[in-house]
2 protein chains.
Amino acid sequence: MNPAKTGDSARPYHHGDLRRAILAAALDVITVDGPSALSLRDLARRAGVSHAAPAHHFKDRTGLLTAIAAEGYELLAGALAEAEDLRDAGVRYVRFAREHPAYFQVMFTPGLLRDNDLELTTARTLAGERLRAAVTAVPAEGRGPDARLAGVAAWSLAHGFATLLLSHNLDGPVGDQDPEEVFRALTGMLFRSR
Amino acid sequence: MNPAKTGDSARPYHHGDLRRAILAAALDVITVDGPSALSLRDLARRAGVSHAAPAHHFKDRTGLLTAIAAEGYELLAGALAEAEDLRDAGVRYVRFAREHPAYFQVMFTPGLLRDNDLELTTARTLAGERLRAAVTAVPAEGRGPDARLAGVAAWSLAHGFATLLLSHNLDGPVGDQDPEEVFRALTGMLFRSR
DNA sequence: CGGGCAATCTAGTCAGTGTCAAGTTGTGGA
DNA sequence: TCCACAACTTGACACTGACTAGATTGCCCG
């Protein structure tokens, strides 16, 4: 029998899509308070479900974070796939970080994830390939002789900018300008001579 | 002054330098298992001290992390102060991240720190100034008209490279090469035309 | 020299957490 | 129809951070 609860009629024994609900709640929490504030019991409470229910869908806390990261890499791969050129890919990378800070944070915080998870690694390599594709699309005389090095450079630049942005380290320099525009100007400055 | 501390039979009531011992143990734990694995009780156990002793030196868990971050910014500022030019500053930034991954991780993981802490903010602004100094040391015709933008670009590049390195996202592209050399080559590629 | 005092550490408690094991309820497939 | 399995609940355990009160110690000042 269900204990008291708020709102609608009696909740069915089966939630319907508990997995989705937990994920959504988790993203909310992470966005506001960061991954370390995540509590399976709290998520269960938000979904109106018993304290051990989440463990049935994501074995652990780590399992939950891993699932989030995998989904994040899929979203990122999707965004990068539509990029017109390398600079656009960079802009989309930054935009992804700003629009989905929770995903981004989980994806790139080491020690939070089960690195050998299959779903995670495949999503991750897919996103990596999309990035490499954007780099190799640049004509060789524009990007220098070493495509691999150019890829690292582009990724570092976009990733560093996005990370510093999220950790509020660019609040001063960027101010109230549109971060995407700043990033565009930044790449324009670095590559102006080509 | 201090009673003997290591190896002897009965532990003295006063540890001697518990604060230092806790910090050192914390850095070990973070290096191996990340900040989320940090437990005050575990640190107390490692230092051979009661479970509540750490709280006397660092009010909370957050206080401990904040102290670590502040010390990290001081170390970073010290490293940047000795830089010869902008590229060298970047190399030192990357080297700092590799030599002190625990500090680096804590410093740039939002939500872990007490951002309004005085010691933290002063150390942070000091490091920021050292970075700006390295940028403005570059002659204007080499860095373009906008020093602020050039600073963001340089910081993003170094920070992104360091972050991706620590999260093992460059294990493939960089391979077994010396990361500092790769970074040097990378900046050489980006700035070859000046 | 000796008493007091503040820094340091101990010990106990409380609410909250992840995880495990075993039970209960609903549902789809043979 | 019925039954095996998936989804969820319930209860328990060991752990955590935070808080409190009290014990111990070394040092300063008279």
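Since we're looking at a predicted model, the values are computed, not measured. Letters go in sequence order (proteins before strands), and every chain restarts at 1.
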Check: A/Q177 side chain, A/V174 main-chain N or O, donor-acceptor pair, under 3.5 Å: yes
For B/L18 and C/dA7, give me the distance from atom CG to atom C1', rounded to whole Å. 12 Å
Under the 3.5 Å rule, do the base of C/dG16 and the side chain of A/H51 count as making a donor-acceptor pair? no
A/D33 CG - C/dT17 P separation (whole Å): 13 Å
Residue A/L40, side-chain atoms from C-beta onward, closest of C/dG18, D/dC8, C/dC9: C/dG18
On a plain distance test, is the side chain of A/R41 in donor-acceptor contact with the base of C/dG16 below 3.5 Å? no
Give the rounded distance in Å between these two atoms: CG of A/D17 and C1' of D/dA6. 14 Å
Interatomic distance where CG belongs to B/D42 and P belongs to D/dA14 [whole Å]: 18 Å
Whole-Å distance separating the NE2 atom of B/H56 from the P atom of C/dA11: 16 Å
Salt-bridged, A/R87 to A/D85, with N to O below 4.0 Å? no
Pick base, sugar-phosphate or nothing for B/A55, based on heavy-atom distances below 4.0 Å to the nucleic acid. nothing
Side-chain donor-acceptor pair present, B/R114, B/T66, cut-off under 3.5 Å: no
Assess, by modelled atom type and distance only, whether the side chains of B/N169 and B/S167 contain a donor and an acceptor separated by less than 3.5 Å. yes
How many whole angstroms separate atom CD1 of B/I22 from atom C1' of C/dC9? 12 Å
Which of the following nucleotides, D/dC19, D/dC8, D/dT10, is nearest to the side chain of A/A53? D/dC8
Should the pair A/F104 and A/H159 be assigned to parallel (<30°), tilted (30 to 60°) or perpendicular (>60°) ring geometry? tilted
Could you check which of C/dT10, D/dA6, C/dG18 has an atom nearest any side-chain atom of B/V49? C/dT10
Would you say D/dT16 has OP1 or OP2 under 4.0 Å from some side-chain N or O of B/R45? yes
May I ask you to evaluate whether A/S39 reaches the phosphate of C/dG16, defined as a side-chain N or O under 4.0 Å from OP1 or OP2? no
From CG of B/L38 over to P of D/dC15, roughly how many Å is that when rounded to an integer? 18 Å
Could you tell me the separation between the CG atom of A/L64 and the C1' atom of C/dT17, rounded to a whole number of Å? 15 Å
Closest to side chain of A/D60, choosing from D/dC8, D/dT20, C/dT19: C/dT19
Would you indicate which nucleotide in D/dG17, D/dC8, C/dC9 comes nearest to any side-chain atom of B/S50? C/dC9
